[in-house]
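Letters go in sequence order (proteins before strands), and every chain restarts at 1.
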2 protein chains.
Amino acid sequence: MSISSRFAVGIHILTLIEFNKDGITSSEFLASSVNTNPAVIRKLMGMLKKAGLIEVHPGIAGAKLTMKLSDITLFDVYKAVNVVQDKELFSIHENPQLNCPVGRNIQNTIEPIFATAQGAMEKVLKNVTLEDVMNDIVAGENIG
Amino acid sequence: MSISSRFAVGIHILTLIEFNKDGITSSEFLASSVNTNPAVIRKLMGMLKKAGLIEVHPGIAGAKLTMKLSDITLFDVYKAVNVVQDKELFSIHENPQLNCPVGRNIQNTIEPIFATAQGAMEKVLKNVTLEDVMNDIVAGENIG
DNA sequence: AAACTTGTAACTAAATTAATTACATGATAT
DNA sequence: ATATCATGTAATTAATTTAGTTACAAGTTT
């Protein structure tokens with residue numbers, strides 16, 4: 001099991017929009033960099049737009065960021081593309097046997113632990129902005 | 001997307017083995033508490049056995065823990081049941097366009113961030129033992 | 001030998017992902 | 001105004017994963 005690559009692609013889209021900010025960033029242009037189908041990109045653009053991260057208009061070519069890179073965290077992207085629901089990174093088996101002490105308590109016992117673990121992961125994402133990502137990409141260019 | 005419930009079921013199995021330590025904890029008994037099929041349980045028992053957490057023998061009914069609950073962390077269970085591979089909680093799109101500065105750097109940039117996020121989640125699991133889980137189950141019994 | 005258990009393989013149904021195709025709708029330039 | 005190009009979105013597909021189910025071989029005990 002893995003968290004959908006929609007998340008990674010969402011990051012790719014947003015950083016590329018910024019990278020190409022003086023040009024026109026169409027779904028086809030993005031699709032070529034990501035190496036996927038433009039319709040896949042447009043679906044993701046719809047999610048990013050709904051989350052208020054980008055501005056796109058029907059019929060008008062190109063997407064623009066609505067904020068500075070430094071104001072967008074990876075958590076924002078993660079939520080926007082809907083890869084993991086709240087408290088549902090881990091799934092818990094349904095309908096355990098209530099006649100059993102373990103069965104009738106396991107869900108309540110485990111759920112908060114899972115929520116804490118998920119929260120710790122998400123906290124890392126909250127502490128990284130797209131500006132950090134962009135800086136790393138630029139550094140990769142200079143070194144490589 | 002969600003991490004397989006094998007993890008939660010694995011925790012259920014181990015705590016129930018302990019809870020029933022003076023009796024015989026067969027796959028059928030476990031299956032009834034978890035509310036699933038005995039073959040599902042046996043498959044999980046195989047994984048827990050392979051990880052050295054339990055002792056089971058062909059033809060002999062019942063499983064036993066090989067360690068104290070306080071020596072088994074949730075991370076041990078998580079690894080045993082193989083729900084998430086190393087560095088693969090998040091997936092990254094393959095084959096981005098190398099002619100693009102973002103495309104050729106995105107993987108290297110994102111991977112360590114994702115690894116850090118996964119690591120933070122796993123660290124929480126390392127800090128909870130099955131003894132903690134058991135205590136919470138017992139507490140749930142006394143209060144509920 | 002009969003009864004019971006674990007170990008395992010094969011098959012199924014359901015869910016999710018990513019890709020693909022197609023087309024309606026909106027905007028623009030000639 | 002109409003041809004052209006972009007976005008928005010729905011329908012379909014193939015691949016993967018999960019959990020459940022059935023079946024049976026192999027080991028153990030009485």
Side-chain angles (χ1 to χ4, degrees), chain A residues 1-10 12-13 17 20 23-51 53-64 78 81-85 88-96, chain B residues 1-10 12-13 17 20 23-51 53-64 78 81-85 88-96:
Chain A
M1 189 289 323
S2 257
I3 289 174
S4 163
S5 67
R6 281 201 305 276
F7 183 24
V9 174
H12 189 142
I13 289 173
I17 289 173
N20 189 43
I24 292 174
T25 310
S26 66
S27 64
E28 192 166 351
F29 176 80
L30 287 164
S32 130
S33 173
V34 170
N35 193 27
T36 185
N37 193 291
V40 170
I41 297 292
R42 289 201 288 273
K43 192 167 186 178
L44 279 169
M45 289 199 316
M47 293 181 175
L48 297 171
K49 177 186 186 178
K50 192 173 168 189
L53 300 179
I54 66 175
E55 207 175 312
V56 215
H57 303 281
I60 304 181
K64 295 289 181 186
Y78 163 93
V81 301
N82 219 32
V83 283
V84 177
Q85 304 303 312
E88 292 188 4
L89 174 60
F90 298 90
S91 53
I92 304 181
H93 51 298
E94 314 265 306
N95 310 314
Chain B
M1 190 289 326
S2 255
I3 290 173
S4 163
S5 68
R6 282 202 303 275
F7 183 25
V9 173
H12 189 143
I13 289 172
I17 289 173
N20 190 42
I24 292 173
T25 309
S26 66
S27 63
E28 192 166 352
F29 176 79
L30 287 164
S32 131
S33 173
V34 170
N35 193 26
T36 185
N37 193 292
V40 171
I41 297 293
R42 289 201 290 273
K43 191 166 186 178
L44 279 169
M45 289 199 316
M47 293 180 176
L48 297 171
K49 177 185 187 177
K50 191 172 171 190
L53 301 179
I54 65 175
E55 206 174 312
V56 215
H57 302 281
I60 304 180
K64 296 288 180 186
Y78 163 94
V81 300
N82 219 33
V83 283
V84 177
Q85 304 303 312
E88 292 187 4
L89 174 59
F90 298 89
S91 53
I92 303 182
H93 52 296
E94 313 264 308
N95 311 315

Open item on the list: Quick check: closest heavy atoms across A:I17 and A:A63, and the distance to 0.1 Å?
Closed with: CG2-O, 3.4 Å

Open item on the list: Tell me the interatomic distance from B:I24, atom CD1, to D:dT28, atom P, rounded to whole angstroms.
Closed with: 16 Å

- [ ] Kindly point out which of C:dT5, C:dG7, C:dT28 is positioned nearest to the side chain of B:M45?
- [x] C:dG7

TODO: Hey, which sits more toward the 5' end of DNA chain C by its nearest nucleotide, A:N37 or A:V83?
DONE: A:V83

TODO: Give the minimum heavy-atom separation between A:V56 and A:M45, together with the two atoms involved.
DONE: CG1-CE, 4.2 Å

TODO: Please report, rounded to the nearest Å, how far the P atom of D:dT16 is from the CD atom of B:E94.
DONE: 13 Å

TODO: Indicate the atoms forming the closest heavy-atom contact of B:R6 with B:L44, along with that distance.
DONE: CD-CD2, 3.7 Å

Open item on the list: Using whole Å, what does the distance between atom P of nucleotide C:dA10 and atom NZ of B:K43 come to?
Closed with: 11 Å

Open item on the list: Counting the atoms with a prime plus P, OP1 and OP2 as sugar-phosphate, which does A:A39 contact under 4.0 Å by heavy atoms, base, sugar-phosphate, or nothing?
Closed with: base

Open item on the list: Rounding to an integer number of Å, can you tell me how far B:I60 CD1 sits from C:dA3 C1'?
Closed with: 16 Å

Task: Nucleotide C:dT6, atom P - distance to CD1 of B:I54 in whole Å - done: 10 Å

TODO: Take atom CZ of B:R42 and atom P of D:dT22, then tell me their distance rounded to the nearest Å.
DONE: 13 Å

TODO: Indicate, with a heavy-atom threshold strictly under 4.0 Å, whether A:K49 touches base, sugar-phosphate, or nothing.
DONE: sugar-phosphate

Open item on the list: With a 4.0 Å limit, can you tell me whether A:T36 has a side-chain N or O closer than that to the phosphate oxygens OP1/OP2 of C:dA19?
Closed with: yes

TODO: Mark yes when over 12 heavy atoms from residues, nucleotides or ligands other than B:K64 sit less than 6.0 Å from its NZ; otherwise mark no.
DONE: yes

TODO: Identify which nucleotide among D:dG8, C:dT28, C:dG7 has an atom closest to any side-chain atom of B:V56, counting heavy atoms from C-beta outward.
DONE: C:dG7

Task: For atom CG of A:N82 and atom C1' of C:dT17, their distance in whole Å - done: 13 Å

Open item on the list: Would you say that B:I24 contacts B:F29 through its side chain, given a criterion of any heavy-atom pair below 4.5 Å between the two side chains?
Closed with: no

Open item on the list: Whole angstroms only, please: what is the CD-P distance between A:E28 and D:dT7?
Closed with: 9 Å

Open item on the list: If you only use heavy atoms from C-beta on, which nucleotide in C:dT6, D:dA19, C:dA18 is closest to the side chain of B:P58?
Closed with: C:dT6

Open item on the list: Classify B:H93 by what it touches in the nucleic acid, base, sugar-phosphate, or nothing, heavy-atom distance under 4.0 Å.
Closed with: nothing

Open item on the list: D:dA19, OP1 or OP2 - any side-chain N/O from B:S5 closer than 4.0 Å?
Closed with: yes

Open item on the list: Need to verify one output field. Residue with the more 5' nearest nucleotide on DNA chain C, A:G59 or A:S4?
Closed with: A:S4

